[in-house]
Chemist: 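Quick one: structure below, then a few questions.
Sequence lines set the chain letters: A, B, ... in the order given, protein chains first and strands last, and positions in each chain run from 1. Atom set for the values below is all heavy atoms of this structure, side chains included, hydrogens, waters and symmetry mates excluded.
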Amino acid sequence: MTVRVRFAPSPTGFLHVGGARTALFNWLLARGSAGTFILRIEDTDRERSSDEMTSAILDGLAWLGLDVDEGPFFQAEGVARHVADAQALHERGAAYRCFCTPEELAARREEAKRTGTGYGYDGRCREIDASTSDSRAGAGEPFALRFRVPRGETSWEDLVHGPMSFPNDSIDDFIVLRSDETPVYNLAVVSDDHDARVTHVVRGDDHVSNTPKQIMIYEALDRPQPVFGHVPLILGTDGKRLSKRHGAMSVLAYEEMGFLPEGMVNFLALLGWSPGDDREVMTRDELVEAFAVDRILKKGAVFDLEKLEWLNGQHIAASPAESLAAHVRPALEEEGVVIEDEARLHAVVDLVKGRPRTLPALVGQVRPFVAREVDYEQAAVDRFWKRSDEAARVLRELGPALAGLPEPWTPDAVEPVVRGLAERLEMGAGRVINPLRVALMGQGVSPGIFDVVALMGRQLVERRIRTALGYLDAKSAVADVLGGDDTSPPEDA
RNA sequence: GCCCCCAUGGUGCAACGGCUAGCACAUCACUCUUUCAAGGUGGAGAUAGGGGUUCGAUUCCCCUUGGGGGCACCA
């Protein structure tokens, strides 16, 4: 039997993190077994559904790289089949007409709530005999079709939870067809899953209470049942189910924040699942290879943004320069930085990609190598250019010293020049290197400085130093006027 | 009110019923005397509680507690 799984979101919202992981688990299950991944949009609630949400869901899946084999199908298009199934249920006696109006039901529910007696349907239309039912229906009285929940117990072997069981008397007779002849969720799902020959229904834990109802419909219709698996929910830091208020909206928001789909997929896979060993940083192929439903955990997992960031950093560091450059280039061009030399861009990306955890951070590391000027980060200036006179002195000496280097500059050639200067000035290398880093990068973080100098090259380094000196001299002048520069000991570490 | 599910450090995951409960993120310290968002080393930190079963329970059973999900003519 080949595996056929489906992801069935309703287009009433974005593809959020929880839905994305459910989709991912289904996709992994399909890809790991040469199965089929089906997408079905559950749009029977026309009021709340929208085309925008449908395409947002499609975009989200596409970004994550979860390619769909069949679909998207739209549940609303199967209404005729759903209705036929509901009628079949009625004909078999598994469903009956309920003449209670929605208003009456709501009122009774309110009353029950107030008296604390639970809010189920009381089954008052259940015993209306067939002829009475027929004549009332014939007289034009509106009715809904309700499923007649049998006595006993409904159980199944859950893919992740193991044996699951519900006492049927805890389940009310539920509506399968509304009085306006439109099908209700639980019926439509069974109808569609059967129609699509779905073999494994893997969905969130919030669906467990729907499962016995759906199983009863399968049984009443004499249809083969799929295997069910309920994956735990993803929680916010407060332990509650993830929602907008945790800042976790669309997965596409994570794209905007600068996460790679590889990092996101890797992170999501590790929420409630593990390969069984200590591996954490995994490629898509490795995930497909290692994935197994029986290793899915039963407990909910808290979404930890910091771990996602770390994992994303690992994926950035492991990505080839070409693919990272494809993200970096447009971002820089948007701010007016033109890059002609693709090979050089790749060299820069390869040099800096080990540190940043997000794409914007990566761009921030690349920018100083390709932009005409850099902005000085205040924290870096405060820390390493604290004594502007000393920083200026160091940079003034460094210029000519570096100028003597033969082309092309290499890290090995740059190092002795910088260290030599520190020695000559009788100061620690850090007191030369750190001010230089700020001058070149504008920030306190960078790869090893000798690599930076070498890769930036003569022209750019000279310009950066010149600009820095202008800034520092102005700073010193201001300090003089205001009555003294900061004379506390400079950082030598 | 009723039904269902879950329970290993702050977080994500490991641990055929059997080493001193392991790894990662975060955190702290040290280190790399070149920064940190990178690397290295080390520290602190968990089996919710109580009963069983067993030679032996993180692991199996029961109870308690705690947490979560659900109970619509929504999906």
Chemist: Considering only side-chain heavy atoms of A:Pro102, which listed nucleotide, B:C23, B:U11, B:C73, is closest?
Modeler: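 Of the options given, the side chain of A:Pro102 lies nearest B:C73.
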
Chemist: Shorter than 3.5 Å, N or O on both sides, protein versus nucleotides 26-29 of chain B: list them out with atom names.
Modeler:
residue: B:A26; atom: OP1; partner: A:Arg357; partner atom: NH1; Å: 3.3
residue: B:A26; atom: OP1; partner: A:Arg357; partner atom: NH2; Å: 2.6

Chemist: Can you list the residues that meet the salt bridge (Lys or Arg N to Asp or Glu O under 4.0 Å) rule with A:Asp304, with sequence neighbours excluded?
Modeler: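 Salt bridge (Lys or Arg N to Asp or Glu O under 4.0 Å) check on A:Asp304 returns nothing, list empty.
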
Chemist: Do the charged groups of A:Glu423 and A:Arg419 touch, with an N to O distance under 4.0 Å?
Modeler: no

Chemist: Does a nitrogen or oxygen in the side chain of A:Arg437 sit under 4.0 Å from OP1 or OP2 of B:C36?
Modeler: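 So the side chain of A:Arg437 is outside the cut-off, no N or O lying under 4.0 Å from OP1 or OP2 of B:C36.
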
Chemist: When you measure from every atom of RNA chain B, which of residues 182-192 of chain A have a heavy atom less than 4.0 Å away?
Modeler: A:Val184, A:Tyr185

Chemist: Counting just side-chain N and O atoms, does A:Arg108 come under 4.0 Å of either OP1 or OP2 of B:A72?
Modeler: no

Chemist: Paired stems touching RNA chain B, three or more consecutive Watson-Crick or G-U pairs with both distances under 3.5 Å?
Modeler: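 Looking at RNA chain B, the stems formed by three or more consecutive pairs are B:1-7 with B:65-71, B:10-13 with B:22-25, B:27-31 with B:39-43, B:48-52 with B:60-64.
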
Chemist: Going by the rule salt bridge (Lys or Arg N to Asp or Glu O under 4.0 Å), which residues pair with A:Arg464 if we only count those two or more places apart in sequence or in a different chain?
Modeler: none

Chemist: Does a side-chain N or O of A:Lys298 approach OP1 or OP2 of B:C6 to a distance below 4.0 Å, or not?
Modeler: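 Checking B:C6 against A:Lys298, a side-chain N or O does come within under 4.0 Å of OP1 or OP2.
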
Chemist: Salt bridge check: are A:Glu397 and A:Arg424 linked by an N-O gap of less than 4.0 Å?
Modeler: yes

Chemist: Which residue pairs satisfy the salt bridge (Lys or Arg N to Asp or Glu O under 4.0 Å) criterion with at least one member in residues 184-195 of chain A, sequence neighbours excluded?
Modeler: A:Arg6-A:Asp193, A:Arg40-A:Asp192, A:Arg40-A:Asp193, A:Arg81-A:Asp192, A:Arg81-A:Asp195

Chemist: Determine the contact category for A:Gln75: base if any of its heavy atoms lies under 4.0 Å from a base atom, sugar-phosphate if only primed atoms, P, OP1 or OP2 are that close, otherwise nothing.
Modeler: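 Touches sugar-phosphate only.
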
